[in-house]
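Here the structure is laid out as structure tokens; the discussion comes afterwards.
The structure presented is a predicted model; accordingly, all values stated were derived computationally and were not measured. Both backbone and side-chain heavy atoms feed into the values below; hydrogens, waters and symmetry mates do not.
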Amino acid sequence: QLAPSNGEVSPSDAAKNKKLAISSVIGGFTYMMFPGSVYVTGVIAPFIKSYFALPPSSTLPQQILPFCLIIDIFSMPIGSYFTQKNVNPKLMIALGGVVAFTCLFGASCVGPDHYWLFFFLYTIAFGFNHGMCYMVPIHHGWLWYPNNMGLMSGIIIGGFGFGPLIFDNVATAVINPEGAKADDDGYYPQSVNDRFQTMMLVLVSSYFVLMLSGIALIFQGPLKQVQASTSVAQTMPDEGSDENEEIAEELALPDQSVLQKAEREALLKQEPLKSMVFSRPCMTIYIMNFASTLSCFFPINNVKFYGQKNGLENETYLAIVGSIGAFFNAIRFIWSFATDYYSYKLVYSILLTIQIVLNFTMPFIASVPALYAIWICGLLLCEGGHFTLVPNVLKKIYGSAGTQIYGFMFSYTCMSSLLQIVVNTYVVTATKESYNTLFMAFGTCSVLALAMLHTVFKEEPYQPRSLKPRPIIKF
């Protein structure tokens, strides 16, 4: 259902608005395949190691993805701030895309003797673009479809998962079409290394097309309609009257009157951002998701390495596992769509339960090809759920301020990434036993998140300080 109109709208204008709304969702899905392709890093990591001739014991390629997310600590709050201020989405995407495209093109031209230059350009490209533009299509999807926020954000973020589904296969087909295997030190034949730059240029060209698609198809949401609901509230009849209920029905604002919604939204805009970020619901969500994303990021970043440690060395098989897993990651919209009908607590509980079972049982099934594929797909499905559930629950709790709050909230993934770097550098060894221990540890983290969800977290709208009851002093 589209955002309510402000006054009389001609049939032609209504049809135009509908086309713009649909175009924005399609454009958001298409564009999100670009930032989502950061997960292609996990598939091409062995080729990076081989091309730059890194030491056999080096874990540097596994640190690229975490560093991309760390950069989000700095860029995501900035991008979310300007998105919340409704800066033109085309301008936002162009800014992030131009910086990313320039850096990725430079990374494609780096020779095999300059790994750290490649590392710097690659991480800046994805980190800056992701932080500046991630919330842009989601925010404007919410503006176009305010009564279907879970479904719209799920569809748009689904593109984030479809990016790896497509480009995992593109990268593998370009650089290793024969399916050549790496030697015991992790190095591929020179013929594979010679195609590394070609692979990068093909990927960068594809990303550039996705960026242009986003600029062309995404349109600014109906800001006047949103503002109108506040102005209407100023002249609303008494709360609970028949006239008020009729107007609420016309404006499609279920479960609370127009007056309540408008008053609360106006007060939230006056509420200091710091008060909301450090409020109990926000900090609880932060800690829970920091703990539970550890269970997802580790297998994503090590899917090929861990499979090889368990005797699954067939390159074609590992590429197929990555592709199928990317598909399950891409259908993440099912999680956010569920929050349109069920509570965040219920949906997140189901996600955590699946994650716990998969982590604790992974060491026992990893050598069985079919089961390994199923387990990886399950973990990737759960990983996608985090990125669709959190924006939606913040929107429910904090209203329009949820967009900007997510800019700070997203740093939970960056903190997880920092821990991933420590783990890959100092904990992971050449044996599969070290991987198995980590799966058990990360499964325990998900258990702790589930415990917090049912003991600490309260799923209710945030009350601005001006609405909270003040203590009565009696004399």
Measure across [X] and [Y] and return the closest heavy-atom pair with its distance rounded to 0.1 Å.
X    : Y    : answer
M132 : L95  : CE-CD2, 3.7 Å
A100 : N129 : CB-CB, 3.7 Å
P146 : L143 : CD-O, 3.7 Å
C382 : L351 : O-CD1, 3.5 Å

Got [X] and [Y] here, is their nearest side-chain heavy-atom distance under 4.5 Å?
X    : Y    : answer
F105 : C109 : yes
T293 : E383 : no
F128 : C103 : no
V136 : H140 : yes
W144 : P222 : yes

Any pair with a residue in residues 309-339 that passes ring pair (Phe, Tyr, Trp, His ring centres under 6.0 Å), sequence neighbours left out, goes on the list, sorted by first then second residue, please.
F337-Y341
Given F442 and M362, is the side chain to side chain contact (heavy atoms under 4.5 Å, CB included) satisfied, shown in steps?
CA-CA 11 Å; F442 294 150; M362 176 66 87; over 6 Å; no
Examine [X] together with [Y] and report whether their ring centres are nearer than 6.0 Å.
X    : Y    : result
H130 : F160 : yes
Y348 : F457 : no
F47  : Y188 : yes

State which residue, out of F119, F120, W116, Y122, fulfils the ring pair (Phe, Tyr, Trp, His ring centres under 6.0 Å) condition with F67.
F119
Can you classify the ring geometry of F118 versus F52 as parallel (below 30°), tilted (30 to 60°) or perpendicular (above 60°)?
tilted
Specify whether F101 and F208 have parallel, tilted or perpendicular ring planes, treating 30° as the upper limit for parallel and 60° as the lower limit for perpendicular.
tilted
Count the heavy atoms belonging to other residues, nucleotides or ligands that lie under 6.0 Å from CZ of F360, then report whether that count exceeds 12.
yes
Within 6.0 angstrom of Y187 OH, more than 12 heavy atoms from elsewhere
yes
Residues that Y134 engages under side-chain hydrogen bond (donor to acceptor under 3.5 Å, both in side chains), provided they are two or more places apart:
none
Between N392 and S153, is any side-chain donor less than 3.5 angstrom from a side-chain acceptor?
yes
Are K90 and F219 in a cation-pi contact, defined as NZ or CZ under 6.0 Å from the six-membered ring centre and within 45° of the axis?
yes
Go through the steps for C133 and F34 under the test side chain to side chain contact (heavy atoms under 4.5 Å, CB included), then give the verdict.
CA-CA 11 Å; C133 304; F34 174 19; over 6 Å; no
